[in-house]
Amino acid sequence: MVRSFRRGALAAVLALSLAPLAACAAGNGAQTNHVRPDSQAVTVGNIRVQNGVILTQTSGSGPATISARLFNNGTTDQTLQAVQIGSGTPAKLVGADGGQTITVPAGGSVLLGGSGNPAAVVENSGEAFQDGDVQNAVFNFSTTGAVALPLNVIPATGYWEPYGPASIPTTAAPSPSARVTPSDTATPKGTATPKGTATPTDTTTTKQ
């Protein structure tokens with residue numbers, strides 16, 4: 001009697017355990033369609049690129065930016081030399097100081113996008129990128145070379161807003177140096193003129 005009760009209880013537990021699994025299997029497709037995949041991460045040599053995305057303007061026009069974390073596990077600095085999207089769309093690299101180089105220090109990392117950080121900008125991207133697409137990207141480094149990975153295209157809203165196009169670093173245009181002009185021009189205050197004409201007071205003549 002005790003054995004029969006145990007077998008019945010075990011069967012009931014198994015039935016309860018399998019029921020949710022069957023329900024998930026039946027509706028699995030509908031559930032996974034609402035889950036956004038994690039950002040890709042790729043490691044090549046000493047370089048690792050992760051959490052990469054392409055952030056578009058919320059207005060639908062204007063430049064897009066690439067946000068990603070770049071890790072350098074090597075013992076020497078590396079320079080991010082170029083980023084290419086798709087079959088040949090280049091990204092313009094902008095350093096944190098507004099320059100054109102981005103260095104990933106040895107044993108450190110660099111975040112692309114965000115206030116005070118360098119950026120990779122894709123200009124005139126309104127027609128090229130559509131939110132929800134996935135674009136292949138290639139990051140080229142000075143020593144490691146090419147690191148390729150797919151990037152999700154999403155609008156710069158919510159969590160991503162601080163890393164979007166509005167965060168592109170700018171460099172103040174140098175103001176033209178003031179021209180040095182003479183404050184005063186040296187001009188003669190007066191002209192030296194003779195007060196009189198020297199003439200002989202007496203003329204010596206020869207008597208005949």
Side-chain angles (χ1 to χ4, degrees), residues 35-58 62-177:
V35 177
R36 176 172 292 177
D38 293 336
S39 298
Q40 296 288 335
V42 173
T43 300
V44 177
N46 292 321
I47 293 294
R48 179 177 176 84
V49 179
Q50 71 178 39
N51 297 334
V53 291
I54 298 175
L55 301 174
T56 60
Q57 296 273 3
T58 55
T65 57
I66 299 171
S67 180
R69 174 70 71 172
L70 314 176
F71 292 90
N72 180 4
N73 296 317
T75 57
T76 58
D77 296 350
Q78 289 207 42
T79 301
L80 177 61
Q81 297 179 327
V83 178
Q84 181 173 298
I85 307 299
S87 59
T89 302
K92 178 184 177 182
L93 301 181
V94 184
D97 59 354
Q100 299 179 354
T101 59
I102 298 175
T103 299
V104 186
S109 67
V110 168
L111 176 63
L112 294 180
S115 178
N117 298 324
V121 184
V122 184
E123 299 179 346
N124 302 323
S125 61
E127 298 179 358
F129 301 145
Q130 299 296 322
D131 295 336
D133 288 350
V134 176
Q135 295 283 342
N136 292 320
V138 178
F139 295 75
N140 284 291
F141 293 87
S142 54
T143 301
T144 298
V147 179
L149 72 162
L151 303 180
N152 293 322
V153 181
I154 58 177
T157 58
Y159 170 82
W160 294 108
E161 184 176 359
Y163 308 97
S167 69
I168 299 173
T170 57
T171 303
S175 59
S177 58

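Numbers for residues simply follow the sequence, beginning at 1.
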Looking at every heavy atom in both [X] and [Y], which two are closest together, and how far apart are they?
X: Thr144; Y: Val44; value: CG2-O, 3.1 Å
X: Phe141; Y: Val104; value: CE2-CG2, 4.2 Å
X: Val138; Y: Ala146; value: CG1-CB, 3.7 Å
X: Tyr163; Y: Ser67; value: CB-OG, 4.0 Å
X: Ser142; Y: Gln78; value: OG-CA, 3.5 Å
X: Gln57; Y: Gly62; value: CG-C, 3.8 Å

With sequence neighbours excluded, residues passing side-chain contact (heavy atoms from CB on, under 4.5 Å) with Thr103: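 Testing Thr103 for side-chain contact (heavy atoms from CB on, under 4.5 Å), a comparison that skips the adjacent residues, returns Asp77, Thr79.
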
State, yes or no, whether a side-chain contact exists between [X] and [Y] at a heavy-atom distance under 4.5 Å.
X: Leu80; Y: Val110; value: no
X: Val42; Y: Phe139; value: no
X: Ile54; Y: Val122; value: no
X: Ile85; Y: Ile66; value: yes
X: Leu93; Y: Gln100; value: no
X: Val53; Y: Leu151; value: no

Nearest-0.5 Å distance that lies between atom [atom1] in [X] and atom [atom2] in [Y]:
X: Asn51; Y: Asn152; atom1: CG; atom2: CG; value: 11.0 Å
X: Gln135; Y: Gln84; atom1: CD; atom2: CD; value: 11.5 Å
X: Ile47; Y: Asn72; atom1: CD1; atom2: CG; value: 4.0 Å
X: Ile168; Y: Asn117; atom1: CD1; atom2: CG; value: 13.0 Å
X: Leu112; Y: Arg69; atom1: CG; atom2: CZ; value: 9.0 Å

Asp131 vs Thr56, side-chain hydrogen bond (donor to acceptor under 3.5 Å, both in side chains): CA-CA, chis, key distance, verdict: CA-CA 7 Å; Asp131 295 336; Thr56 60; 2.7 Å; yes

For Asn140, all residues meeting side chain to side chain donor-acceptor pair (under 3.5 Å), sequence neighbours excluded: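 Partners of Asn140 by the side chain to side chain donor-acceptor pair (under 3.5 Å) criterion come out as none, since no residue qualifies.
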
